[in-house]
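Within every chain, numbering begins at 1; the chains are lettered A, B, ... in the order of the sequence lines, protein sequences first and strands thereafter.
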Amino acid sequence: MEMDQLVALCKRRGFLFQSSEIYGGLNGFWDYGPMGVELKRNVREAWWRDMVTAHNEQTAPAGAPGPYEMTGLDCAIIMHPQVWKCSGHYDLFHDFMVDCRESKHRYRHDQVWGRWVEARGQRFFVTTEALGHEGLEETEQRALKFFGLRAKNADELVWDGPLVSLTTVDDSAKVLGPEAKALGSLTEPREFNLMFKTYIGALGGEESAAFLRPETAQGIFVNFKNVLDSTRVRLPFGIAQVGKSFRNEITPRNFTFRSREFEQMEIEFFCRPGESPEWYRYWRDRRFRWYVELGLSSDRLRLRDHEAAELSHYSTGTADIEYAFPFMAQGEFGELEGIAHRGDFDLRSHMEGKLDPKTRPLEVEKDEHGQPRHRGSGRDLSYFDADTKERFIPHVIEPSAGADRATLAFLCEAYCEDEVPDENGKPTKRTLMKFHPRLAPYKAAVFPLVRKDGMPEVAQAIYAELKPHFNVFYDEKSAAGRRYRRQDEIGTPYCITVDGQTLTDGTVTVRDRDSLRQWRVPKDACVDEIRRLLAGEL
RNA sequence: GCGGGUGUAGCUCAAUGGUAGAGCGACAGCCUUCCAAGCUGACGACGAGGGUUCGAUUCCCUUCACCCGCUCCA
């Protein structure tokens, strides 16, 4: 399938539009149309139902180490700025960058290294991206090349000090960029904020600066104590949240895959430290199975465990659920969901101050005065186990899914073309969306075969009967074949048609989207028939 | 952010320094007894801004968006 065809269908049938299209569009933002809003809502609701409301805390689900509780939360998008400092987003997302006018490359200001060199009456700062021995060697090579010296004349170079960060240099005109041939090609450092900044209150000003959340998870951590104190949940338990997040992606591309405003479906699952590896494996497998159950059963879906080198130091396991989107290169996959074992990093960071992920055991990151780099809340976020009389900080398993990415994967997987004989028996191309019935925007469509002989009245009565139970669509315009095709393109799994026979024996036809199979049921049995079809009982 | 390409109707595509065409779809009507039928009718577009010109959709500049490659992807 070509992505262009799916994008065209999404627009034609009202799944997805580019944001602010009449003004020329806005990069990285997308709007869901009348079909898209139903599809995405079904994705979201399937997730919430399967993970939260339908979960029975009294028995252990298949594969789970034991019973557990699930509950939900809906947090504000704007939170106290300190949240993002303790979560690590402020440091990680908030960089100063320099661009090289000559090589057109961009570097993080604090990750360019170099040392001062003087030779032949010229003194400048020669840079490299490497550190240590490699960095010393490369700066020497580059200095020699700059002056046109041979290696044997290396002693002509007078070095002033060791390798230091570019952040120590004030005059960019005296800097030789990491891949430049001339001095002064690097721009002044520019603030590069991957979080959306906003201002609280009608008056601006830096003291009122805040950020739109780059993930929903932190709202769960900062409410951990509130949930414990208000709901009587006990370990192990999970808190789920669905909501919008915002990131200034550097390169939004590939339809909705990398959007700047996107929706997450996240669970923070709290458990006893000793049991966390088992829970991690449960959630990894449970979440993978969820996508399979909703139709991503092809070989385009995979579960990939991160290798040890990819893991954060405090994490004992992370896995990605990935999908081979059509816009990706052969053999490449895009992330739908990450399941991470986060230990006690988040709760402790919000207690004690931002932890340094490079330390083990984890310690609070300190500034040059020995004070916490980012102060925590000082609140006690530990858990008291009434059975064992133990107090400890729970470990966390985080299944974090992208609602828009899942929706996009379901769209890609559903897109399908086949050939159907037309009224003359000639094969004609048919485009259909093979959504899982739970995800399909409409569950059924109701038609009178022709607009006469009382057929519309019967069809309208059936429509009215179905409407309170399912999202259904009524259509009496143009020929029956065309109406079927219209429903195929928006993925309606079943069509109910009132025909001449209905008027004599009271039965209607039900038509299956994928197989084109038709069968008759009594017109009064439509609600039950559709209900059983959707439940997979027929 | 860089380089290349592309922006014409809802979609797919024409043509043009001088009134912008078509197919499909959508809409209305007629007709139609099961997989995009037929007839009739009406609606509908040069991404945005600026410049050159008597006149610009066409040439030039800027900008926005999309596609491809690079970079980035926390």
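For the P atom pair drawn from B:rC59 and B:rU71, the interatomic distance equals 34 Å after rounding to whole Å. When the C1' atom is compared between B:rG18 and B:rG41, the two are found 31 Å apart, to the nearest whole Å. Taking the P atoms as reference points, B:rU16 lies 34 Å from B:rC2, given to the whole Å. Nucleotides B:rA9 and B:rA15, compared at atom C1', are 15 Å apart to the nearest Å. Nucleotides B:rU12 and B:rC30 place their P atoms 33 Å apart, quoted to the nearest Å. Across B:rG51 and B:rU58, the matching C1' atoms stand 15 Å from one another, rounded to whole Å. Only the C1' atoms considered, B:rC24 is 15 Å distant from B:rA14, to the nearest whole Å. Taking atom P on both B:rC35 and B:rC46, the two are 40 Å apart, rounded to the nearest angstrom.
A:Q487 comes within contact range of no nucleotide atom at all, as no heavy-atom separation falls under 4.0 Å. Looking at heavy-atom distances under 4.0 Å, A:N27 makes contact with sugar-phosphate atoms alone, never a base. A:D488 comes within 4.0 angstrom of no nucleic acid atom, judged by non-hydrogen atoms across all strands.
Following rounding to the nearest Å, A:L449 (CG) and B:rU32 (C1') show an atom-to-atom distance of 9 Å. Rounding to whole angstrom units, CG of residue A:D499 and P of B:rC35 are separated by 12 Å. Between the CZ atom of A:F262 and the C1' atom of B:rA74 there is a distance of 11 Å, given to the nearest Å. To the nearest angstrom, C1' of B:rA74 lies 13 Å from CD of A:Q218. Computed from coordinates, the A:E398 CD to B:rA74 P distance equals 14 Å when rounded to whole Å. If you measure from atom CG of A:L6 to atom P of B:rU12, you get 13 Å, rounded to the nearest angstrom. Atom-to-atom, CZ of A:F17 to C1' of B:rC11 comes out at 13 Å; the value is rounded to the nearest Å. One can place NZ of A:K452 at 8 Å from C1' of B:rU33, the figure rounded to the nearest angstrom.
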Derivation and outcome, side chain to side chain contact (heavy atoms under 4.5 Å, CB included), residues A:K244 and A:I77:
CA-CA 7 Å; A:K244 288 281 184 81; A:I77 285 171; 4.2 Å; yes

Applying side chain to side chain contact (heavy atoms under 4.5 Å, CB included) to A:L534 and A:Y494, what does each step give before you reach the verdict?
CA-CA 10 Å; A:L534 295 176; A:Y494 304 105; 4.2 Å; yes

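The A:L194 side chain lies nearest to B:rA74 when the options are B:rA74, B:rC34, B:rC11. In this structure, of B:rU12, B:rC66, B:rU33, it is B:rU12 that holds the atom nearest to the side chain of A:A8. With distances taken from any side-chain atom of A:K11 to the nucleotides B:rG10, B:rU33, B:rC66, the minimum falls on B:rG10. If you check B:rA74, B:rA36, B:rA65 against the side chain of A:E489, the one that comes closest is B:rA36.
If you run salt bridge (charged side-chain N to carboxylate O under 4.0 Å, His left out) between A:R287 and each of A:E337, A:E266, A:E398, only A:E337 comes through.
Within residues 508-520 of chain A, the residues having any heavy atom under 4.0 Å from RNA chain B are, by residue number, A:T509, A:R511, A:L516, A:Q518.
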Which pairs of donor and acceptor atoms, one on a side chain in residues 16-23 of chain A, lie under 3.5 Å apart (sequence neighbours left out)?
residue: A:E21; atom: OE2; partner: A:K11; partner atom: NZ; Å: 3.0

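Using a 4.0 Å cut-off between charged side-chain N and carboxylate O, A:D418 and A:R430 make a salt bridge. Looking at A:E413 and A:R300, no side-chain N of the basic residue comes within less than 4.0 Å of a carboxylate O on the acidic one, giving no salt bridge. Using a 4.0 Å cut-off between a side-chain N of Lys or Arg and a carboxylate O of Asp or Glu, A:R373 and A:D356 do not qualify as a salt bridge.
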Once pairs are restricted to Watson-Crick or G-U wobble with both distances under 3.5 Å, how does RNA chain B read as a dot-bracket string, [ ] for crossings and | for other-strand pairs?
(((((((..((((....[..))))..((((.......)))).....(((((..]....))))))))))))....

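Residues passing the ring-ring contact (aromatic ring centres under 6.0 Å, His included) test with A:F221: none are found, sequence neighbours excluded. Under the side chain to side chain donor-acceptor pair (under 3.5 Å) criterion, A:T492 pairs with A:Q487, not counting sequence neighbours. Scanning for ring-ring contact (aromatic ring centres under 6.0 Å, His included) contacts around A:W30 gives A:F255, with sequence neighbours left out. A:E489 is linked by a salt bridge (Lys or Arg N to Asp or Glu O under 4.0 Å) to A:R12, A:R13, counting only residues two or more places apart in sequence or in another chain. Every residue meeting the ring-ring contact (aromatic ring centres under 6.0 Å, His included) condition with A:H395, not counting sequence neighbours, appears here in chain and number order: A:H341. For A:F224, the ring-ring contact (aromatic ring centres under 6.0 Å, His included) partners two or more places apart in sequence, or in a different chain, are A:F270.
Counting heavy-atom neighbours within 6.0 Å of A:K467 NZ, excluding the residue itself, gives a total above 12. Residue A:Q518 qualifies as enclosed at atom CD: its count of foreign heavy atoms under 6.0 Å is above 12.
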Shorter than 3.5 Å, N or O on both sides, protein versus nucleotides 24-31 of chain B: list them out with atom names.
residue: B:rG25; atom: OP1; partner: A:R482; partner atom: NH1; Å: 2.6
residue: B:rG25; atom: OP1; partner: A:R482; partner atom: NH2; Å: 3.4
residue: B:rA26; atom: OP1; partner: A:R486; partner atom: NH1; Å: 2.4
residue: B:rA28; atom: OP1; partner: A:K477; partner atom: NZ; Å: 3.3

Under 3.5 Å, N/O pairs linking protein and nucleotides 43-49 of chain B:
none

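A:R304 forms no cation-pi arrangement with A:F333, by the criterion of a distance under 6.0 Å to the ring centre and an angle within 45° of the ring axis. The side-chain tip of A:K85 points at the ring of A:Y90 from less than 6.0 angstrom away and within 45° of straight on.
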Protein proximity profile, nucleotides 67-73 of chain B - base contact B, sugar-phosphate-only contact S, no contact -, cut-off 4.0 Å on heavy atoms:
SBBBBBB

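Each of A:N248 and A:Y484 lies near RNA chain B, and the nucleotide nearest A:Y484 is the one positioned closer to the 5' end.
Using a 4.5 Å heavy-atom cutoff, the side chains of A:F211 and A:T198 are not in contact.
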